[in-house]
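The structure appears below as structure tokens.
Residue numbers start from 1 in every chain, and the chains themselves are labelled A, B, ... in the order their sequence lines are given, proteins ahead of strands. Heavy atoms only: backbone and side chains are in, while hydrogens, waters and symmetry mates are out.
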Amino acid sequence: EEKIIRLATTTSTYNSGLLDKLLPEFEKTHNAKVQVIAVGTGKALRMGQAGDVDVVMTHAPKSEKAFVDGGFGVHPKSVMYNDFVIVGPAEDPAQIQGAADVTKALQAIAATDSQFISRGDDSGTHKKELSLWATTSAGKQFSNYKEVGQGMGKVLQMADELKGYTMTDRGTWLAYESRLQLKLLVEGDKRLFNPYQIIQVNPELHKGLNVEGAKELSDWFVSSKGQQMINDFRINEKALFHGSANPQVVEK
Amino acid sequence: MGLELTASNIVKRFGERELFSIEQLQVQEGESLHLSGDNGVGKTTLMKILAGLDKPCAGRINVTPNMKGRWSTSLHPKVIYLHQTPYVFSGSVKDNIAYGLKLKGISRGQIKRTVQSALEWARLEEFADHAAHSLSGGEKQRLALARAWVLTPGLLFLDEPTANLDKQSVDSVTELVRKMVDGGAAVMISSHQTNPLTEVCQRSLLLADGKVSESQFPKEMLFDA
Amino acid sequence: MGLELTASNIVKRFGERELFSIEQLQVQEGESLHLSGDNGVGKTTLMKILAGLDKPCAGRINVTPNMKGRWSTSLHPKVIYLHQTPYVFSGSVKDNIAYGLKLKGISRGQIKRTVQSALEWARLEEFADHAAHSLSGGEKQRLALARAWVLTPGLLFLDEPTANLDKQSVDSVTELVRKMVDGGAAVMISSHQTNPLTEVCQRSLLLADGKVSESQFPKEMLFDA
Amino acid sequence: MQDNLLETSMLSLQLLFSLDAELWDIIGVSFRVSITAILIATLPAILVGFFLAMVDFKGRWMVIALFNALMAVPTVVVGLTLYLLLSRSGPLGDLHLLFTQPAMIIGQVALAFPLLVCMSHSAFQSIDKRAWETARTLGANCFFAVTTIMKEARFALLAAVLAGFGRIISEVGCSMMIGGNIMSYTRNIPTAIALETSKGMFAQGIALGLVLLILALLLNFTLASIRGKGRLV
Amino acid sequence: MQDNLLETSMLSLQLLFSLDAELWDIIGVSFRVSITAILIATLPAILVGFFLAMVDFKGRWMVIALFNALMAVPTVVVGLTLYLLLSRSGPLGDLHLLFTQPAMIIGQVALAFPLLVCMSHSAFQSIDKRAWETARTLGANCFFAVTTIMKEARFALLAAVLAGFGRIISEVGCSMMIGGNIMSYTRNIPTAIALETSKGMFAQGIALGLVLLILALLLNFTLASIRGKGRLV
Ligand SMILES: Nc1ncnc2c1ncn2[C@@H]1O[C@H](COP(=O)(O)OP(=O)(O)OP(=O)(O)O)[C@@H](O)[C@H]1O
Ligand SMILES: Nc1ncnc2c1ncn2[C@@H]1O[C@H](COP(=O)(O)OP(=O)(O)OP(=O)(O)O)[C@@H](O)[C@H]1O
Ligand SMILES: [Mg+2]
Ligand SMILES: [Mg+2]
């Protein structure tokens, strides 16, 4: 009989379609069924903490560190990375297109008081955005900075609607790009790095976890087969994720 | 006042069953009529049709003068029908009596006086502020009569108005009807009993076998206890 | 059969107002009583209390033999009260008559026969499958009587049962009551009219000023048209 | 972080009694939008319900069934449809209504409407036919007769309105979609709860839910004392 | 990809007529869960509503007001509360109910209950007192008398049940929270719509909404033809 593995992951990861591609392969070779619960980063970690899932895969290094340090998760493994980009209206009122330095770009947005749509939901993306604002001198204290508290896709749509700038992960951007009028303006800064980790829920805290399955799944993700499949995943002929199991991704 | 009602070729059917078919029926001002007939012959149905509350399957009812207002209310404002078991609106006894008056845009003081005299007539003063729903059967009947009376109808249909009334109440209804008829109004009363009220009626109609016939009281059809 | 009802020191108040206060009232098997009194003295309320449908503010009502089943239904299965304006259940006329029978767990065939004879008695055969709601006032009254009759009550309270009935119906109700009383049941009837039905009553009670008094017919309180 | 239910409840209560300005903002948006929406929706919906109960036309039952079915449409679908209408590239884009409170009101009116129609239809169905006849014969024209019947059915209608209000004050899909959950402007209690929940801040989510429950209780207690402590007549 | 409303509608219809296995899966979960939930909730809720309408006890109006207020609690809050109860680390964790269909059923029962109570209370309130008295005097014990009154109030009760069903078949917050939106197992139409919407696949979202609407229409047409085409009596 096939065993059930419960994986909590972020909506953006799930929505990219990566798991739909990878998991059937894993299920076939391991005689297991992976139930994916796609929620926000905070909620995913919260579910791991409560022992309601066997394994989590998220992209919020600080929260993940707290999660592991708190003893809720064990054996964190870097799986892959992609990057964040800053997108905005074609008119580009802050003139940031092609900027190599994110801090400067954000500063220009604040200085011109352009519309900026922020996730505002404490997600990995939101936390990253806040840490980037912290590097600017003026910060995010301008009138057209809007916190909307929604998922990435919805925020892109709102930015499109309101002709504003926003920061997004590349995966969601590629998935949405074709139906938005927004343009990709800033990419490539090292600080826009977006690492994903897979972490097993600490089996000592809860009874009844599928410990073995969780281990198998996280091992499979970092196996050469898993890494290969991640690297081969394409949307519109563009790669979304890059395997990072070897070499290990260093947390900042 | 002086209303005149003419009904011609009225037919009412329920499904297959033809209830009645009446060639001609006239009610003139100052007339009082007693409509009798066995249970289920269609007295209630006929009176509702004449009052405009129900539609006949065929035929025409004409009330002259036609007093239709600007807002086509479709019902004649001077024609009132009283249910066999009256419906009282939620609210107090007073509210019920004032219902029709308020719709006429009469001044508050005038309404108050009229309601007061109606309460006296119906001997419901002590219940003026009680919920109308809690009245007894006969009291509701009296309330409904008072509620119609204050509107000074020109043509009044009373469906078994005295069935649940005590002797004194029957007498006051009789008195009321007599006064209204003297004032030029027309009243049609259905009843299974003979009592002072039915005895003041000038005309007597019998509904039987789907036809209305004008007749002397067929006493054997009624109680003469 | 043989039920006996004893009510002692029954008091009913609505708010401040004391409706009645009755020291002693006995109804024995084979008795028929006519309860009279003006509108609003409390006839309906008293009969509902005696039938167990309403609670007195003070006092006790005792019915012997007490036939309470295993399921404490709290109402005596042989005591039936008929409303002044009967309530008919949605569904057909037949369904209404069968209502009480079905609850007794009687066989289908037996129910069918009983319903058929009740329909005949109430002269409602042709309406057997009609919606009970569409019946006329008098027909509903007859339906309610038939619906109670099939249950062979030991003690029957009829609240103005003949108010809306034609002569023939009054006669058949009279016949029915006579038979029931002969069979040992007790019947209490409230009515404002004197008619064949009230005349078969052996005892006559007058409710006035909050007291019940046993009396010869106070004819002047009633119509003798 | 808190893990167990007791701690969460405690935290909820704490949060509840330290009502801060931001929270009042959110509460304000919630009630302003939903009360406006219910006020707009009620009368037309009741009239439609009345019409469906009283006037027997061909296909009436189909209209009733349609309104019943519309109750089963998820709020987010209503939100999506309105989104496509109000979006810049949509037919009503020029009104610039998207992500504003008026848009939320429109959405909630649309959400309350079918429920109000169905419930008031059922309220009017149980009113005695004689009530209408009595009103008409005593001189009420159709308009006044309708108000009379509405008065007779007022408890059932009030229950309908409360159910409708409950539906819209608690719904999140439509408000999120066309309101946008913008802080201090279109963030109401349900969207705030959704946000807290997605962050994993369950206690905050429940606390906001309790705030809503308490305010709804206050509202209902007020109404109940007006209508005479739940008694009929 | 499509931008405007017309194209989106077209795509919705396309999707609708190419019903694939996955879609049927989702539809199956939706209806299995919601129908079970409404079947479980209806009778107890109606009995509570009956009790509240007929028995006059001290504090009755407060209970009624409470149920009215409970209708205003967002579904996600109910979901959160149940989550904390059913979670491994919660008091009922040992039942292992989280992220299962039974958990979704429990949640939907809780969601339907207050609405059913309020609507059936209002349905019973408008029933003539004589109906109860007649049933009792004709020999019905309390139990049978209740069923008789339920029959008298059946249209209003049916409307209540349909409103309750509409609430739970379309709700997303609670199902998402305690169902987990797991493909082929706890993904129902509303959570699938939420997922599509979050992906920006509005056409798919609306198409799923249309599927739900059409199925609800079918259900209602069936019921309407049973109850006699919307006519009273
Ligand atoms: N809506 C309806 N559908 C079918 N039949 C009906 C309807 N309304 C009335 N009837 C039938 O029409 C007949 C006449 O009813 P109506 O109430 O007019 O009688 P009535 O003469 O007033 O009787 P009563 O003296 O008992 O009051 C009755 O047999 C009744 O069953
Ligand atoms: N629930 C109630 N609250 C207040 N007063 C009530 C209530 N029920 C009845 N009453 C009052 O009690 C009195 C008696 O009512 P009841 O119906 O018993 O009279 P009745 O003798 O049957 O009169 P009728 O001959 O008119 O049928 C009436 O005046 C009525 O207003
Ligand atoms: Mg009649
Ligand atoms: Mg009485």
Taking a cut-off of under 4.5 angstrom between non-hydrogen atoms, the residues of residues 109-117 of chain D near chain E are D:Leu115
If one checks every heavy atom of D:Val76 against chain E at 4.5 Å, the contacting part turns out to be side chain
When the 4.5 angstrom heavy-atom criterion is applied to D:Phe165 and chain E, the contacting part is neither
| Any D:Ile206 side-chain heavy atom under 4.5 Å of E:Leu84 side chain | yes
Between the SG atom in D:Cys118 and the CG atom in E:Leu158, the distance rounded to the nearest 0.5 Å is 10.5 Å
Note: vs chain D, highest number of non-hydrogen pairs under 4.5 angstrom among E:Ser87, E:Ala65, E:Ser122 is E:Ala65
Most heavy-atom pairs under 4.5 Å with chain E, out of D:Ile169, D:Val63, D:Leu210, D:Thr197, belong to D:Thr197
Point to revise | E:Leu66 and D:Leu217, any side-chain heavy atoms less than 4.5 Å apart | key: yes
CG of E:Leu162 to CE of D:Met119, rounded to nearest 0.5 Å, is 7.5 Å
Checked D:Leu219, D:Leu208, D:Ile193, D:Leu218 vs chain E; the most non-hydrogen pairs under 4.5 Å come from D:Ile193
Value for CD (D:Gln204) from CG (E:Leu80), rounded to nearest 0.5 Å, stands at 11.0 Å
Looking only at E:Ser34, E:Pro74, E:Ala216, the option with the highest number of non-hydrogen pairs under 4.5 Å against chain D is E:Pro74
Okay, D:Met176 and chain E: the region with an atom under 4.5 Å from a heavy atom over there is neither
When the 4.5 angstrom heavy-atom criterion is applied to D:Ala160 and chain E, the contacting part is backbone
If one checks every heavy atom of D:Leu70 against chain E at 4.5 Å, the contacting part turns out to be both
To the nearest 0.5 Å, atom OH of E:Tyr83 lies from atom CZ of D:Phe202 at 5.0 Å
Surrounding CE of E:Met54 (heavy atoms of other residues, nucleotides or ligands, distance under 6.0 Å), is the total greater than 12? yes
Cut-off 4.5 Å, heavy atoms of chain D, and the answer for E:Leu212 is side chain
Max heavy-atom pairs within cutoff under 4.5 Å with chain D, candidates E:Val78, E:Val77, E:Thr75, goes to E:Val77
Value for CZ (E:Phe221) from CG (D:Asn68), rounded to nearest 0.5 Å, stands at 10.5 Å
